[in-house]
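What you see is a predicted model, and the numbers here were worked out from it, not measured in a lab. Throughout, residue positions are numbered sequentially from 1 according to the sequence presented. Quick note: numbers below take in every heavy atom, side chains included, and nothing from hydrogens, waters or symmetry partners.
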Amino acid sequence: MTVLSPPGVVADVPVAGPRHRLFLLVLVPAAALRVLIMLAYDSAQVYWYDSFEYLDMAVHPRPGEQFHPAGYSWFLWLLRPFHSVQVIAGIQHALGLGVAVLIYLLLRRYAVPAWGATLACVPVLFDPAFLRQEHAILSDLQVYALLLAALAVLMWHERVTARAAAVSALLVALAGLTRTAAAPLLVLVVGYLLVRRAGWRPVAVAVAAGALPLVAYAGWFQAAYGRFTLTGADGVSLWARTMTFADCRVIEPPRDLARLCPNGTRLDAASEYVWDAHASINLMPGGRYAANALAKRFAVAAILAQPLDYLRNVAADTSLAFTWIPVAHPRRVSSGLSFPHVSMTLPAGQPLIDKVKAEYDPDIHGLTSVEPYGTVLSAYTYPWVLHAPVFGLILLAGGVGGLWRDRRALLPWAFSVALLVGPVAVLDFDQRYVTPAIPFACIAAAMALRTRTHGRNVP
């Protein structure tokens, strides 16, 4: 018999039994959908040039010099003996199912009824935004899987031990070395320990376990490139963020920074300024990355001179996560929730592609649909209203419910907000970056809105 605990008590919920039948009934079709994806495409989805840089760093371990830290490449290094990106996609689909199981078990641990815990897993199980990331050679799945594991370790027991605090902080640090936007969540872990009055030892070991991997990686980066940092593009990205509002008549930058002022180029999204050949940073001697330090100084000066403009732009772009209809941002990308029926080829004349094919997987090629499965999969749709507007309601419910009903829900809610707003604040909005925030919002809402129980009750 499954027993619910009173408010404020973590329940011991068995991992198997009739009380989990509803979740299993949902998990089975989700697994079948992933099998269909594997049958419908003859390869994993690879992107130029992100996927190939990850794969190259797996063969030749090094810190990523530009936008990509090495964390995901370590995962690819472990799978290198298979020499198959298709195998990687299959393992990532299994991990996606594992993420849903972890969400379910954590919520049942907090006495959320089976139907509520199952409902919280629906986006991870069925939203094409998640499924397509699982099928791609990209770091997205690893980021939210590590962070969900960190959250589960931290919140599994009412009393947080030093060991749990250390493991949780280490997992967050690994997520930060997979995507640097996750590193600041260490502050939330330490803050949670302080609010829960976990004691000095858990706090100390969490700080150490979280900081040491980041410091070690920064030292590795310095040995390779001469700069003590996690990425060589943080200034470039923050500079691009300011290009949507920067006014050098207000900023009044010194002469060395004035070269980075807007030069009349007008683009539809902040991130586009990183790549546009006519943007001022790409006209700097040595190119955009050589100007990273100058770009960071300019961006900080712009934000300090125009703080309201900065906040207005961040808020406007963040709101794109909740629109009633899909908004392509930038306009050149697709924001639909579907599985395309495709026959794609890789870019020609790219030495990195040939290098990765020779060293990691000789069968890497553009994604192509396989019949009849491709036609069946392309008919699968997921309502946009469940992806965006409902996500906004879930996020709101988790925040309000956390304040008024169960303040423990504020930790996953804060994770969600940080993952949603963080990338927008330092670069731009991208539909791809919304997905990591969704599972944490679902956890927060389910925890905060669960029916309060007293004594021993069976859900």
* Got a salt bridge between D430 and R432, using NZ or NE/NH1/NH2 to carboxylate O under 4.0 Å? -> no
* Report the residue from F52, Y54, Y47 that forms a ring pair (Phe, Tyr, Trp, His ring centres under 6.0 Å) with H68. => Y54
* side chain to side chain contact (heavy atoms under 4.5 Å, CB included) between R241 and D428: does it pass, once the steps are laid out? -> CA-CA 6 Å; R241 171 71 275 172; D428 200 0; 4.1 Å; yes
* Can D317 and R312 be counted as an ion pair, charged N to O under 4.0 angstrom? -> no
* **Basic-acidic side-chain contact under 4.0 Å: D406, R450** => yes
* Before accepting this row, confirm whether a basic side-chain N of the pair R332/D268 lies closer than 4.0 Å to the acidic partner's carboxylate O. => no
* Rounded distance [0.5 Å steps], CE in M284 versus CG in N292 -> 11.0 Å
* Asked: Are the charged groups of R179 and D140 less than 4.0 angstrom apart, N to O?
  -> yes
* Near F82 CZ, under 6.0 Å, is it more than 12 heavy atoms from other residues, nucleotides or ligands? -> no
* Asked: P262 versus Y273: any side-chain heavy-atom pair under 4.5 Å?
  -> no
* Asked: Once you find the SG atom in C121 and the one in C442, is the distance between them below 2.5 Å?
  -> no
* To do: Tell me, yes or no, whether the heavy-atom count around F67 atom CZ, taken from other residues, nucleotides or ligands under 6.0 Å, exceeds 12.
  => yes
* Say you draw a straight line from OG1 of T178 to CG of L138; how long is it, rounded to the nearest 0.5 Å? -> 12.5 Å
* **Side-chain ion pair, R62 and D56, N-O less than 4.0 Å** => yes
